[in-house]
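Lettering of chains follows the sequences in order, A, B, ..., and the numbering in each one begins at 1.
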Amino acid sequence: MTRERFFIVDAFAHIFRSFYAIRNIDNNAVYGFTMMLRKLIADENPEYLAIAFDTSEPTFRKELYPEYKANRDAMPESLVPQIPLIKEMIEGYNIPMVAMPGFEADDIIGTLAKRAAEQGVQAVIVSGDKDMLQLVQGDDIVMFDPKKGVHYLGEAGIPEFFGCRPNQIIDLLSIWGDSADNIPGVKGVGEKGAKKYLAEYGSLDGIYENLDKITAKRARTGFEEARETIDLTKTLITIRTDLDLTFDKDTYVRKEPDANGLRAFFTRLDFKSLVDATPPKLKRISRDYQLLDTEERLKEVLAEIRDKGFFVFDIETTSLNTIEAELVGMALATEVNQAYYVPLRHEGQDATWSDSAEALLKDVLADTNIIKCAHNAKYDISVLFNLGWDVAGRIEDTMLMSYLINPNEDRHGMDHLAEKLLNYRTIHFDEVAGSGKDMVTFDKVPLDKACNYAAEDADITFQLYDILFPRLKEQDLHRVYDTVERPLIPVLARVENSGVQIDEGYLKTMSAKMAEEIEALEQAIYELAGEEFNIKSTKQLGVILFEKLGLPTVKKTSKTKSYSTDQSVLETLSAKGHALPAKLLEYRMFTKLKSTYVDALPTMICPKTGRVHSSFNQFVAATGRLSSNNPNLQNIPIRTEMGRDIRAAFVPRDGWVFVAADYSQIELRLMAHFSGDDTLVQGFRSGEDIHRRTAGEIMDVDVNLVTDDMRRAAKSINFGLIYGMGEFRLAQELGITRKKAREYMETYFEKMPRVLGFRDEVIEKAREIGEIRTYFGRHRQLPELASRNKNLQAQGERLAVNTLIQGTAAEIIKIAMIRLDEAIREQDLQAKLLLQVHDELVLECPEEEKEVVSRLLGETMEHVVHFEVPLVAEVRTGTNWKETK
DNA sequence: ATCTCATCGTAC
DNA sequence: GACGTACGATGAGATA
């Protein structure tokens, strides 16, 4: 397409069309008009674009003829408020709107089209109104109806459309009149007549000159009667092309839409598809970040930091692994938009500089009078601790703030937060260091690039702090931040740095033994199946079990509705006497343990320390629990004997012992405290078996007469309460009928009514405020409670109860960890906290510290809070983890 | 070759 | 549809 095109849209024509065409959504005209506009831009990609509006002022036509459009109804009530929204939308797209008091959109279109054509730009009138056809001129001014898909109706198409020559359109329309605009035409002359007379006499003037030649009486009378009004009609019909408007390319050239504004606008109007179709456009302002590579400048900035008492820092290293990471540089930010990068050990840097710069930075980091802030501070301080640096004083963490504000969110990374909260696209790591096999370590990144990247990170962290810290206070999350999460950061850094020793030889031996067992099981399974197949493939296994062998289908998987082959299914099949499922269960257990633990753990041993350094993640679990990965040390087996053996591979260093303690029934104790239920409270206070006690209560028998089955039922209900278990699940778990399960639960609540009351109160409060708050003030939003979906609502109710209990338990053990760490350091003990497994802490210490550490551990854990019921920690020691049970 | 999703199973 | 929170191994299919 060689010629530039100027599309002019008649706003109201399309607004009304959308309004009447689209039903059942709010702001239908806004939606329809937006869709039309998007399609127009996408399909036609016009070089120039304008949208013409009518104004509410009287037009010159109304002045000439007061009856003009007098028959029009007022604009529909629901359309009125949509007009400003449409204008807002058009502004968002950066499309010029043109309106002129006294004139109609048609006149604006006529004038602009003519002016554009005069400048050699093709004018395209976006309208379906036949009146506009009078404006069409050769290929210079054409019409386009996006709805009918009539593309470019040019002059050549007019005879076919109207049955007259282009220059006769105005006369033709004048004869017809326009009933919609209340303009009288010529009575007694219809479409056929009008065309016939115009063809015969050339024009209206021609017709009047030859009026006596018209023989049809009605037509002739009509023309006679219209003689006085026809000039006015013609004036009204004629679209003006002489308005005081110019077409200049700069004004009408297509501009970049304001994607962020539009996105917010579409979000506000709940136009989901349009929100998705409008990705945010992110700013990328390059700031002038400074490289600090002289002692003099560095000292100046550090003096400023001391003066302010607050700064943001971010280290650059050679690895994400904190043990292996070498320090390459440090970025500092002293205020928004002011950040620096101190290159310490980039390739080719002078060691004298590195040493002196590091000494200066160390001083500031160790200064307890200066508050530091970082994004994910645990990483930075872990690396620095490993290098022997001290990072002291208050350490703020913007990642932590983000997590506390929205624990349901799983992305708290700086790049993501910068986009979400600052509408800013940061320089990403791979943009400076590459990715995949092209990736270089940060010390190889040129200083100017490194400075831009690193200083920006510090700057962005500063900006996030400015936003998140006030929010933290506003949302009353300051307490949990200050008393639990923030002090935990250095504790976790030390735990991760300590790592734990694994007996590699032991696991290797175990692995070999298991391999033999697995091999034998495989053969037995192939034999029973009658063929070899991939046993680990649930798909293949399903075919063997349920198609080839014709075993009864027990259940289907939830997502794909394929055959389920999980443990409960295999157990059911096994109980029916089939040999294969039993073998499969055994096979599954062996392979699970071998691949997930026995073989995996040795590969995680750090070559540098010879220990396994798992990560303890603070920002993952929505309830406030920690999580562990690389490897996950919070799901090491314990329930089966074979699984438990894996724990024997976790050993203390030579001459040291493990000291471990776990909270006894902490979640149920919290339930007792929160509900104040007498049976539970008394049970825990007296130190008796709580499940036995509740069983006695439910079954109405003496505690001493409670059978194992009765205890098992009570235990299931006790645990189920914490998770919000229903009768279906209880029935399944206990192998009883639903009716029986319901009876148990009803009796439970009758005997322990405050447990039910507590649950209801928690849910009611959560529903009222839309979130749940734990004991220490952590919150978790529960949008499920506001759902109209009953299942989602029920889930919200379970989350409310569970988050309160699980979250509070998590806070209690976190506080224990903080106090323990503090005590160990104060008392100069060598003991090290190694693991946290939700209700258990594992330490190692020299043999001679065993007693003092045991006592310290137990007392610290038990005295975190003083509730209606005591917290009990059971402390054990051993020469491996398995022995501490 | 690398990713994402589904299924399964381990812990508390 | 029915019990909360995690992580990870494996297979299978999509994407590059």
Compute the centroid of each ring, for A/Phe758 and then for A/His673, and state whether the two points are separated by less than 6.0 Å.
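Distance test on ring centres: not under 6.0 Å, no.
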Could you check, using the six-membered ring where one of them is a Trp, whether A/Phe749 and A/Tyr744 have ring centers closer than 6.0 angstrom?
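No.
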Could you tell me how far apart [X] ([atom1]) and [N] ([atom2]) are, to the nearest whole angstrom?
X        : N      : atom1 : atom2 : value
A/Gln540 : B/dT7  : CD    : C1'   : 14 Å
A/Trp881 : B/dT10 : CH2   : C1'   : 12 Å
A/Gln567 : B/dT7  : CD    : P     : 17 Å
A/Glu840 : B/dA11 : CD    : P     : 12 Å

Touch check for [X], heavy atoms < 4.0 angstrom, all strands: base, sugar-phosphate only, or nothing?
X        : value
A/Ile636 : sugar-phosphate
A/Arg639 : base
A/Gly726 : sugar-phosphate
A/Lys539 : sugar-phosphate
A/Asn534 : sugar-phosphate

For the base of C/dG11, is there a side-chain donor-acceptor partner from A/Lys536 under 3.5 Å away?
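It does not, because no donor-acceptor pair links the side chain of A/Lys536 to the base of C/dG11 below 3.5 Å.
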Using only modelled atom types and a 3.5 angstrom limit, is any donor from either the side chain of A/Arg588 or the base of B/dC8 paired with an acceptor on the other?
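Answer is no: no donor-acceptor pair is held.
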If you pin A/Asn630 and A/Glu667 to their nearest nucleotides in DNA chain C, which one's is more 5'?
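Of the two residues, A/Glu667 wins.
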Can you tell me if A/Ser558 touches the phosphate of B/dA6, counting only side-chain N or O atoms and a distance under 4.0 Å to OP1 or OP2?
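Result: no.
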Are A/Lys882 and A/Glu641 within salt-bridge range, i.e. N to O under 4.0 Å?
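Salt bridge between A/Lys882 and A/Glu641, a charged N being under 4.0 Å from a carboxylate O: yes.
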Do A/Glu811 and A/Thr774 have side-chain atoms, one donor and one acceptor, less than 3.5 Å apart?
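Indeed, the side chains of A/Glu811 and A/Thr774 share at least one donor-acceptor pair under 3.5 Å.
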